[in-house]
Every structure is written in structure tokens, then in C-alpha cells.
Amino acid sequence: MIAVRNLSHRIGGAPILTDLTLDLPKGGITAIIGPNGAGKSTLMGLMARLLPIQEGQVEVDGHCVARTKTEALAKRLAIVTQRVGVASRLRVGDLVGFGRWPHHHGRPRPEDHAAVERALEAFDLLELRGRFLDELSGGQNQRAFIAMGLAQETDWLLLDEPLNNLDMYHARALMARIHGLSRAGVRSVVMVVHDINYAAAWADHVVALKDGKLDFQGAPREVLTSARLSELFGMKIGVEEIAGRPTVLHHA
Amino acid sequence: MSRPLLLTCLALAGLVAASLCVGAASVSPLQLFSDPEGVKLLLLSRLPRTAAAMLSGASMAVAGVIMQLLVRNRFVEPGTTGTVEAAMMGLLAVTMLAPGTPILGKMGISAAAALIGMAGFLALIRRLPPEEPLMVPLVGIIYSGIIGAGTTFAAYQADLLQYLGTWMNGEFSGVLAGRYELLWLAGLVAGLAYLYADRFTIAGLGETASIGLGLNYAQTLWIGMVTVSVVTAMVVVTVGAVPFVGLVVPNIVARIMGDNLRASLPVMAGMGAGLVLASDVLGRIIRFPYEIPAGTIFGAVGAAVFLWLLLGPKPRVR
């Protein structure tokens, strides 16, 4: 379980998160949704110690994020963020290989190589493994970084908007892959998603943030209702049940 | 051994042979090893000079790539970001205020000044937008210009301008046994950086990715900065900085081999050593028996290569 307690965060005086308390259940996929500026990425950053915690506390399986060594956390929790700026000129295989770095610190063992192979295969990257990152498309790049997070083989995998840049095929393949991992009880996945339909289709738990506060949370079938989503995003959103799942219709 | 590394070693061996044979003193290659005078020349001048060129080239190339990974920008090196200028300022200060300081002390003060200069540069570019990579070298050039101007003014006031010229422009004709040995230390520091190769590569992925992989990012940053500063200061103190080595060599190698330092660092060191040595040999030949400083030759060629890297074709998808 990731336990978030009274978490507040300000950037340049502006409140991003305000006294947020919630539990992310272990196992399965948790989708974090909400409008732009709701604090989703900040929450991810704080949970993964990318940002220093200003107020409140986060515990990952009982380990306080602020007080646990960063090397130790890297074996419990992997995070893949959205990237800006210039791509590094690493080969895909080497990049995914660095996902094992927390485990071997420069001396890869056979099981590390095996984990890299699994991750490359899972994201359809075997053919691209010898290519440089700066010679890949945005989506291929994204997949390579997610594969690195996967190769880290941590209990928790945090993905900040993993579906950006991905085409329909690879978005579905990614969701199916992490769904399989979470079903097998291997990983607990927390992801920020913008397309509510992906959350509805794949997530076990949905957390909705608005203005740095918890708006609602629960199982997708129960919480993804027209009334709640319309209130969350401040627009009229229809929800129909199609093929047994809530499906958001926002073009009306 | 990888193919690029093998080629680098072969080229280097040829250049070493050339460097030992070429010089103002007319001694045949055979005499160098048989004649007592020839052996003396070899041990006192030719060998030290060859070693000095290789050590400074290799360590400046390593310093360059470490800086590029820490800054996450391909177009920086100590000479274009104020680190060399800061090292000179420190050296000038100690020359003016305490001229009797032993060389190691001078080196230490120069390295400390280089470290402060580099920290200042890093603090400055943190504020730049990440989507404008060309801003970083521009800010670096302005920053180094300001430090350089201050140093020049102080040197002018103290009538020490001629020193600046020797520190700024790498030149190996004055290298004799007993007067360049600090460079071995620079080479050692650059060699130790290899132990951190993985960490520097990860740091090149950015701060968030580094933290995610459990890297002690602040520590890696400091070790990198100290390495760059110490190497820069030692090269400036002993033979003078060779401009563009730290820029050109890592860029060429990264085009071919990528950024995985564990594989590419030895090639970068070898190519840096080879290119500086080649410039020095060329400088001895062009106006024989007079000499052109290696820094001048590398500066001219390096500037052209730098422009090509900035404006030329992007590496192709293979």
C-alpha cells in the first residue's frame, strides 16, 4: 500500500496539493485522473521522491519515502515520467539495461540480462535494441523508457501519462501488458491517465484529483458516473455502459 | 576490444612513433635509441613531450564528455563555459598574491577556482528552458567571456598578460622531463572517472531518471565537477588549455558509439590523446624547424568541426 498522509505541496507560493490523504491499494492498476493542474504529476513525483516532501508523509509498503535511502527505494518503486529536452544517445538495449542498475550497480548477473530480455520483448523492442534513442520516434522512445521501468522489477511501477505519444496499437499493448503483470500479482501499477476510457477499461481503482484535493475514488464501475465526471472536469460528460464497462462520451 | 577502440590504439601507436622522430634537433630514429646523446634527447624531451600531449588530450576529452553529460548538452566543454577562464583567474590570483606558492598549491587554488566557476555556470543554466538547447553554449560563451575579461584586466594591471597567453593556448615545446609530471595526475583523475562511467551515463538521462534508478545524483554531480575542475586546472597550469578538445572528441565518438560511457570513454580518451598529439606533430612540421603551438592548430581545426557539428547533417537513422 502507498499511504499518503496530509500531503501539501506548494510551488512558488501556489498550492498544488492541499492536505491530501489517501491509500493506494497494493495489487492491480490504480488510475489517477483529473483536469490539468490538479496535482497528479506532483503527487507522483512526491510518492517517488523526485520532489522533496514539504508537508505531510508518504509511505511505500511501510517505508517512509522521505527517510528511506534512494538506492533502497529504487528496488521497491520504479517511476517513468514524461520527458522534456534532448534525448540521450544511448542504445535501446543499454537504456533498458540501466533499469537493472539498482540491483547490480555495474556488475550485471545472468538474471539481470534475463530481466532486460523480458522487458524488451514485452514492449516489442527486440528489433530496436541496437538503435539509438535519438533516432527513434516519440512513441518508440516512450516504450523504451517504460521498458526500463519494467526491467527494474519493483513491486510498484509508477507511470506518468504513459499513453502519450503511443498509437492505439501500442497503447492497448502497454495496458494489456501491465494489466497482465498486475493480475499475476507481480506489480502494483499507479498511472496518470487522461483518457478516462482507458481508466474505465483497465484500472481496478480510480483516484480523481481536483485542485490539489481528492475529489473521489473507488472502483471504476462505481465512481465513473456522468454526474461525478461532469463535476470533475466542469463540462457535460455522458457515460454509457458499452460491453459491460462505463464508456465516456465527451464529444456530445 | 571494440573496433573503434582498436582503430584508436593503432592510430595512436603510429602518432607516438612520429612524435618521437620529429623535432628541431636533427637526430635519426636509429640514433634516438643507440647514440647516448640521442637517448638523452629521447628521455628528456621527446618522450615527455609526447606523453604531455597525450595526457592533456585524453584528460580534456574526458573532462569534456563528463561536462556534457552533467549539463545534458552536447555543445559545452570547460573551455566554452568559463571553467578554463576561472582556473586561469585562480592561477593569476595566486601568481600575483603569493608567487612563491609551490606548483601543487597553485594547482589546488586553480582547481578550486575552476570548481567555483563551473558551479556558477551550472546554477546559471538551471534557469534556461530545456527546450532551447542552443541557449546553453551561448550563455556559456558569454559567461566565460565575462570571467575572461576580468582576468585579462587584472593581468594587464599587474603586467602579467603574457602568462595568460601560455595558459590559454596549449603548447608543448617547453615540455621537458621534470616539468610536466602533474599531467600524469590529470590522466589519473580522468582514468578514475571510468569507475563512475555508469553513473555519469545515468546522470545524462536527467535528474528524475537518475533518482528513479536510485543514483545519488548530487554526489555524482559533485564527483563530475571535481574531476572536470582538477583536470582543467592541471592542464592549464602545466601546458595550457587546448581549446575544443573536450567538445570535438566526445561529439565525434558519440555519433559513432553513443553515450554509454563504459564503452566510449576509452575511445574518447584515445582519440583526445591522438588528435592533440597529431596537432603537436603537425605544429612541429609545418614551419620546420620553427613551431606552431598545438593549441593553435587544434583551435583552428576544432572551430571548423564545431561549426559542422552545429550546422551539419544530423546523424542518420541506420
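In what follows, every chain begins at residue 1, and chains take the letters A, B, ... in the order their sequences are listed.
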Margin query: Taking side chain as everything from C-beta outward and backbone as N, CA, C, O, which of these in B:L215 sits under 4.5 Å from a heavy atom of chain A? Side chain, backbone, both or neither.
Written below: both

Note to self: Which atoms of A:L73 are under 4.5 Å from chain B, going by heavy atoms: the side chain, the backbone, both sets, or neither?
What the structure shows: neither

Checklist line | Taking every non-hydrogen atom, the tightest pair across B:G204 and A:S88 | finding: O-CB, 4.2 Å

Notebook entry, point to check: Which bit of A:L95 is near chain B, if near means a heavy-atom gap under 4.5 Å: side chain, backbone, both or neither?
Noted result: side chain

Notebook entry, point to check: chain A heavy atoms under 4.5 Å from B:S210: which part of the residue, side chain, backbone, both or neither?
Noted result: neither

Next item on the list: Would you mind reporting whether A:M148 and B:L213 have side-chain heavy atoms less than 4.5 Å apart?
Entry: yes

Notebook entry, point to check: Short question: side chain of A:Q152, backbone of B:G212 - any donor-acceptor pair under 3.5 Å?
Noted result: yes

Note to self: With a 6.0 Å cut-off (strictly less than), is the heavy-atom count around CD of A:E121, excluding the residue itself, greater than 12?
What the structure shows: no

Notebook entry, point to check: Going through the distances and angles, do B:L205 and A:L90 end up as a side chain to side chain contact (heavy atoms under 4.5 Å, CB included)?
Noted result: CA-CA 9 Å; B:L205 291 171; A:L90 278 180; 3.9 Å; yes

Check: How far apart are the closest heavy atoms of B:I211 and A:T70, and which atoms are they?
Finding: O-OG1, 3.6 Å

Notebook entry, point to check: Under 3.5 Å, side chain of A:R89 to main-chain N/O of B:D259, donor-acceptor pair present?
Noted result: no

Item checked: Residue-level contacts of residues 263-271 of chain B with chain A, using a heavy-atom cutoff under 4.5 Å -> none

Check: Side chain of A:R91, backbone of B:G258: donor and acceptor closer than 3.5 Å?
Finding: no

Checklist line | For chain B, which residues of residues 97-117 of chain A have heavy atoms nearer than 4.5 angstrom | finding: A:F98, A:G99, A:W101, A:P102, A:H105, A:G106

